[in-house]
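What follows is one structure encoded as structure tokens, with my remarks underneath.
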2 protein chains.
Amino acid sequence: MIEANVYFDNNVKSLGYETPEGKSSIGVMEPGEYTFGTGAPEIMNVIQGALTVLLPNETEWKTFNGGQHFNVIGDSSFKVKVETQTSYMCQYI
Amino acid sequence: MIEANVYFDNNVKSLGYETPEGKSSIGVMEPGEYTFGTGAPEIMNVIQGALTVLLPNETEWKTFNGGQHFNVIGDSSFKVKVETQTSYMCQYI
């Protein structure tokens with residue numbers, strides 16, 4: 001089953017699915033600022049656009065563009081700033 | 001606006017969005033066989049999984065895995081075989 005999810009008042013939409021390596025989701029974020037909580041650790045892959053993120057235990061915001069990725073530790077949260085519609089793929093590891 | 005679409009009896013779900021280069025969509029396909037029509041020419045990027053496709057004017061099926069892409073001419077159609085849940089990004093060019 002493909003699990004459709006909507007967050008932040010329709011500003012973030014995602015589709016959840018499974019791969020042989022585990023659960024993943026792909027999604028699109030509208031411009032805005034969001035805080036995401038994590039359960040399992042994640043690898044966030046930017047597909048198109050850019051995500052500027054403040055990762056747990058860090059003080060500097062970093063921007064990741066299409067083709068780049070970043071890791072987020074589990075049981076934490078991270079902040080995201082989005083300037084143009086951005087697509088991403090998240091792997092739960 | 002992020003445009004959510006569902007095709008083939010919930011077996012394919014996609015999210016449409018815009019980039020500075022034009023319209024794109026990301027989506028997930030369930031295992032199965034599908035025929036997609038194209039309006040504009042497309043670049044289909046496989047994100048995770050694999051798509052085995054029969055492109056217009058071709059006689060051989062070809063498989064594209066995660067990280068690979070293929071082009072589809074406009075105003076045509078192509079056949080797809082999917083064996084595991086597969087995510088993709090489509091750029092309308």
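So that the names make sense, note that chain A is the first sequence line, chain B the second, and so on, each numbered from 1.
With T38(B) contributing its side chain and S76(B) its backbone, the two residues share a donor-acceptor pair below 3.5 Å. With hydrogens and angles ignored, the 3.5 Å screen pairs no side-chain donor or acceptor of N65(A) with any backbone N or O of A50(A).
Chain B forms more heavy-atom pairs under 4.5 Å with one residue of T86(A), T84(A), I47(A) than with any other, namely I47(A).
E42(B) and N71(B) form no side-chain donor-acceptor contact under 3.5 Å, judged by distance and modelled atom types alone.
Put simply, the side chain of Y92(A) does not reach to within 4.5 Å of the side chain of P41(A), judged on heavy atoms.
Contacts between residues 7-23 of chain B and chain A, defined by a heavy-atom separation under 4.5 Å, are made by N10(B), N11(B), V12(B), K13(B), S14(B), L15(B), Y17(B), E18(B), T19(B).
Residue-environment remark: CD (E83(A)) stays at or below the threshold of 12 foreign heavy atoms within 6.0 Å.
A cation-pi arrangement is absent between K79(B) and W61(B) under the rule of less than 6.0 angstrom and at most 45 degrees off the ring axis.
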